[in-house]
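The structure appears right after this line, and notes come after that.
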Amino acid sequence: MLEVKNLYVNYGAIKALIDINLVVNEGEIVTLIGANGAGKSTTLRAISRLVNPVKGQIVYKGQDIMRLRPDRMVSLGIAHSPEGRRVLARQTVLTNLELGAYTRSDRLGIKADIERQFLIFPRLGERRHQLAGTLSGGEQQMLAIARAVMSRPKLLLLDEPSLGLAPQIVREIFSVIRQLHEEEVTILLVEQNARLALDNAHRGYVLEAGQLTLTGNASELINDERVKKAYLG
Ligand code: ATP
């Protein structure tokens, strides 16, 4: 479904990604793990066209998308759920969700999907008229995911869904991720919590200082001595 080939991204003099090659097959949950600053978010941002790579190729369903505009990504079926604090703080929960569906014109379908998000995340339903900036960290994370899902993506790029959240909320969020996967959404998951990520993914890639150093099935990576030592404590 997605193939990233020989991808390089710089921020000025900083080489954030160096020769990244990765594949996400339809129906998979693939995770990208690595330390702070390894380049995980940058990889997602390159795929959703929020940063411009220096060179490389990003092929989605056979089409090279590397020079397309970011808004085209959503209509192609790619949605990006950024770290939770990136919701539109001055807009209500409801408006955030409506904006997530901006590429759609089926008003009734959008309404039904919003109600569905409120069933999945009852806290968001209770706070539908609250400004997103006043939600707790966990609620903002839920909103970031729900907003991305509103575009009915085929491929969901999920950035750090567990960041800073209490264990109970993390469990709720991962149960939603598994549910989305059962509904045939393919997922590329960036996580600092490597155990959580590998427990929920089919395959994984390890990113170190902008380069991919290891890849394999999640079960192989969990048992890999290098992964254990560096990421599983
Ligand atoms: P974290 O887990 O801490 O979010 P990450 O693996 O997602 O880290 P990135 O956010 O992709 O890492 O950052 C990769 C590198 O690029 C880091 O060295 C970071 O400081 C740098 N970087 C990221 N965004 C920018 C930017 N907008 N301008 C300059 N440097 C940046």
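One-based numbering, in listed order, for ligands and for the atoms of each.
- With values rounded to the nearest 0.5 angstrom, Glu208 atom CD is found 12.0 Å from Ile18 atom CD1.
- The Asn36 neighbourhood of ligand 1 comprises atoms 1 (P), 2 (O), 3 (O), 8 (O), with distances under 4.0 Å to a heavy atom of that residue.
- In terms of polar-atom proximity, defined here as any N/O pair under 3.5 Å, Gly37 does make such a contact with ligand 1.
- Atom 12 (O) of ligand 1 has Gly39 N, 3.2 Å as its closest protein atom, hydrogens excluded (heavy atom only).
- Using a 4.0 Å threshold on non-hydrogen atoms, atom 28 (N) of ligand 1 counts as touching the protein.
- Remark: distances from the non-hydrogen atoms of Gly34 to ligand 1 are all 4.0 Å or more.
- Scanning the protein for heavy atoms near atom 26 (C) of ligand 1, the closest one is Tyr11 CD2, 3.5 Å.
- Using a 4.0 Å cut-off between charged nitrogen and carboxylate oxygen, Glu225 and Lys228 count as a salt-bridge pair.
- At a 4.0 Å cut-off, not a single heavy atom of Gly12 sits close enough to ligand 1 to count as contact.
- Of all atoms in ligand 1, numbered sequentially from 1 with element shown, those under 4.0 Å from a heavy atom of Ala16 are 16 (O).
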- Task: Could you walk me through whether Thr92 and Gln130 pass the side-chain contact (heavy atoms from CB on, under 4.5 Å) test, one step at a time?
- Result: CA-CA 5 Å; Thr92 64; Gln130 192 172 323; over 6 Å; no
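- The CG atom of Leu232 lies 6.5 Å from the CG atom of Leu198; values are rounded to the nearest 0.5 Å.
- The pair Arg45-Asp159 fails the salt-bridge criterion, with no side-chain N (NZ, NE, NH1 or NH2) lying under 4.0 Å from an Asp/Glu carboxylate O.
- When distances from atom 19 (C) of ligand 1 to the protein are checked, no heavy atom turns up under 4.0 Å.
- Contact atoms of ligand 1 toward Ala35: 6 (O) (distance under 4.0 Å to a heavy atom of the residue).
- Side chains of Glu191 and Ser162: a donor-acceptor N/O pair is present below 3.5 angstrom, by distance only.
- Between the side chains of Tyr205 and Thr43, no donor-acceptor pair of N or O atoms lies under 3.5 Å.
- Of the charged side-chain nitrogens involved, none lies within less than 4.0 Å of a carboxylate oxygen, so that Arg107 and Glu98 do not count as a salt-bridged pair.
- Atoms of ligand 1 found under 4.0 Å from any heavy atom of Ala38, numbered from 1 in the order shown, are 5 (P), 6 (O), 12 (O).
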- CA sep, side-chain torsions, deciding dist, call: Arg152, Glu184, salt bridge (Lys or Arg N to Asp or Glu O under 4.0 Å): CA-CA 11 Å; Arg152 293 210 172 157; Glu184 296 178 358; over 6 Å; no
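- Annotation: atom 10 (O) of ligand 1 to nearest protein heavy atom, Ser41 CB, 3.7 Å.
- Protein heavy atom nearest atom 9 (P) of ligand 1, with residue, atom name and distance: Thr42 OG1, 3.5 Å.
- Those atoms of ligand 1 that come under 4.0 Å of a heavy atom in Glu160, given as number and element, are 2 (O).
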